[in-house]
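Everything below concerns the one structure shown next.
FYI, side chains are in, hydrogens and waters are out, and symmetry mates aren't considered; it's all heavy atoms of this structure. Note that ligands are numbered from 1 as they come in the structure, with each ligand's atoms numbered from 1 the same way.
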Amino acid sequence: MENNIKRIAVFTSGGDAPGMNAAIRAVVRTAYYHDLHVYGIYQGYEGMIEGKVERLETRDVGNIIHRGGTILKTARSERFRTPEGRKAAFETLSAYNIDGLIAIGGDGTYTGATIFAKEYDIPIIGVPGTIDNDLFGTDYTIGYDTAINTAVDAVDKIRDTADSHNRLFFVEVMGRDTGFIALSTGIGSGAGAVFLPEVTGEKEKLYDVLRKSTKRNKLFNIVIVAEGDELGGATKLAELVKKDFPQYDTKVTIIGHLQRGGSPTCRDRVLASMLGAGAVEGLLEGKKGCAVGVINHKLKYTPFKQAIEKHKELSDYLMRLAPILAI
Ligand code: F6P
């Protein structure tokens with residue numbers, strides 16, 4: 001592989017996601033395999049501004065593949081939104097002679113990278129790391145599989161107590177703007193209904209189902225609600241249902257940040273390993289200003305512009321299936 005890249009840096013940014021450590025490990029080891037020097041930037045763009053940089057050796061990433069969170073820490077940086085912040089960040093990179101960057105995170109991370117690369121012409125490759133799975137250019141993002149398994153495990157436990165008490169539980173999962181987590185959790189846990197940010201007017205359908213199940217004496221006990229659904233989450237929906245169906249004993253569980261932690265699933269570790277290695281090899285092949293993804297089991301590189309502007313769609317088939325399987 002012919003190129004001028006000798007020293008790269010890697011950082012994680014935005015919300016953490018299980019599997020980010022596996023990606024960092026893959027970046028470091030693939031870089032060493034190709035005789036590159038690697039630096040870790042701590043606390044995302046904020047750490048880049050503040051000069052929080054350390055050399056990473058292959059042994060520094062030993063024993064982390066199974067750990068949730070990110071050894072490089074993460075942050076959401078307001079300062080990086082300013083030209084002064086980005087200038088300070090570039091000065092840090094220059095001080096370490098960094099000639100290639102790997103940014104692990106979500107669309108906010110990609111947006112920051114795009115602006116930075118335009119101003120300073122530094123090769124950057126993004127790695128999709130977010131539990132939300134809402135990034136275009138990859139079938140799955142790092143952390144999504146772990147998050148849905150955590151959510152399904154929680155719902156299985158809730159189902160035991162819901163069933164014992166004949167209660168109706170509204171379980172809120174993460175997903176401010178997209179319903180990937182909610183839809184998979186709903187199907188995977190056999191929920192009676194799923195509320196997604198992408199779909200409006202679902203309350204009437206739920207009411208219909210509740211009326212019918214009361215008549216048929218069907219025990220209906222789990223509703224999955226994405227935090228960003230049109231009604232404003234599980235608590236609001238449960239209040240409405242309680243008012244209109246007082247006969248239901250309703251409860252709310254917000255799974256929250258439990259979904260962001262924990263040991264990554266094997267699927268997330270393998271995906272993260274592929275993406276981390278793919279980012280390094282992409283830089284070596286001269287790719288820049290793009291995000292690496294895995295589509296149909298193969299590495300793909302999507303320009304940041306597309307990865308940010310295009311939206312990955314929820315599966316129509318799964319959306320159609322959810323109510324059918326809840327009959
Ligand atoms: O983007 C990932 C995500 O977990 C969202 O699903 C959630 O809405 C958000 O981050 C919460 O972010 P924070 O923990 O920074 O408040």
Side-chain angles (χ1 to χ4, degrees), residues 11-23 42-47 68-70 72-81 103-113 126-138 140-155 170-186 188-189 194-199 224-237 252-265 268 271-272 275 291 293 304 307-314:
F11 63 97
T12 46
S13 164
D16 63 341
M20 280 182 164
N21 282 328
Y42 290 80
Q43 288 178 326
Y45 290 118
E46 196 60 20
T70 157
L72 294 178
K73 315 284 183 184
T74 185
R76 301 190 199 270
S77 174
E78 281 307 316
R79 279 198 287 167
F80 196 75
R81 293 175 193 269
I104 307 173
D107 54 358
T109 308
Y110 289 3
T111 303
V127 173
T130 163
I131 63 164
D132 292 338
N133 196 34
D134 58 349
L135 291 176
F136 184 83
T138 190
Y140 298 104
T141 57
I142 296 168
Y144 170 66
D145 188 60
T146 308
I148 55 178
N149 277 288
T150 300
V152 165
D153 183 55
V155 178
F170 293 85
V171 183
E172 184 174 300
V173 295
M174 277 186 165
R176 239 182 328 222
D177 306 310
T178 51
F180 287 96
I181 296 177
L183 185 55
S184 288
T185 304
S189 65
V194 184
F195 281 69
L196 310 166
E198 291 86 346
V199 184
I224 304 293
V225 188
E227 63 179 325
D229 91 296
E230 64 166 339
L231 299 168
T235 308
K236 296 247 173 65
L237 179 61
V252 174
T253 300
I254 297 174
I255 306 181
H257 286 76
L258 266 182
Q259 290 156 102
R260 286 253 290 265
S263 183
T265 59
D268 266 332
L271 174 69
L275 292 170
F304 275 141
I308 295 163
E309 284 174 5
K310 291 199 173 179
H311 291 284
K312 186 156 77 188
E313 304 283 324
L314 288 177

Per-atom contacts, ligand 1 versus H257 - under 4.0 Å to a heavy atom: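 This gives 13 (P), 14 (O) as the contact atoms.
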Interfacing atoms of ligand 1 (cut-off 4.0 Å, heavy-atom, I131):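 Result: 4 (O).
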Winner among M174, R76, E227, Q259 once heavy atoms are compared against atom 8 (O) of ligand 1: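 Nearest heavy atom to atom 8 (O) of ligand 1 lies in E227.
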Give the residue and atom name of whichever protein heavy atom lies nearest to [atom], and the separation in Å to one decimal.
| atom | value |
| --- | --- |
| atom 1 (O) of ligand 1 | D132 OD2, 2.8 Å |
| atom 9 (C) of ligand 1 | R176 NH2, 3.6 Å |
| atom 3 (C) of ligand 1 | R260 NH1, 3.5 Å |

NZ/K236: more than 12 non-hydrogen atoms of other groups inside 6.0 Å: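 No, the 6.0 Å shell around NZ holds no more than 12 heavy atoms from other groups.
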Side-chain donor-acceptor pair present, T130, Y144, cut-off under 3.5 Å: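 Note: T130 and Y144 side chains miss the donor-acceptor criterion.
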Short side-chain donor-acceptor distance under 3.5 Å, D145 and T265: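 Looking only at side-chain atoms, D145 and T265 do form a donor-acceptor pair, the distance falling under 3.5 Å.
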Salt-bridge contact R260-D16 (side-chain N to carboxylate O under 4.0 Å):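 Result for this pair is yes, salt bridge flagged.
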Stepwise side-chain hydrogen bond (donor to acceptor under 3.5 Å, both in side chains) check, D268 with T146: CA-CA 7 Å; D268 266 332; T146 308; 2.5 Å; yes
Test item, G175 contacting ligand 1 (heavy atom, 4.0 angstrom):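 Contact present.
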Gap between atom OG1 of T70 and atom CG of N21 - 0.5 Å precision: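 N21 atom CG to T70 atom OG1 measures 5.5 Å (nearest 0.5 Å).
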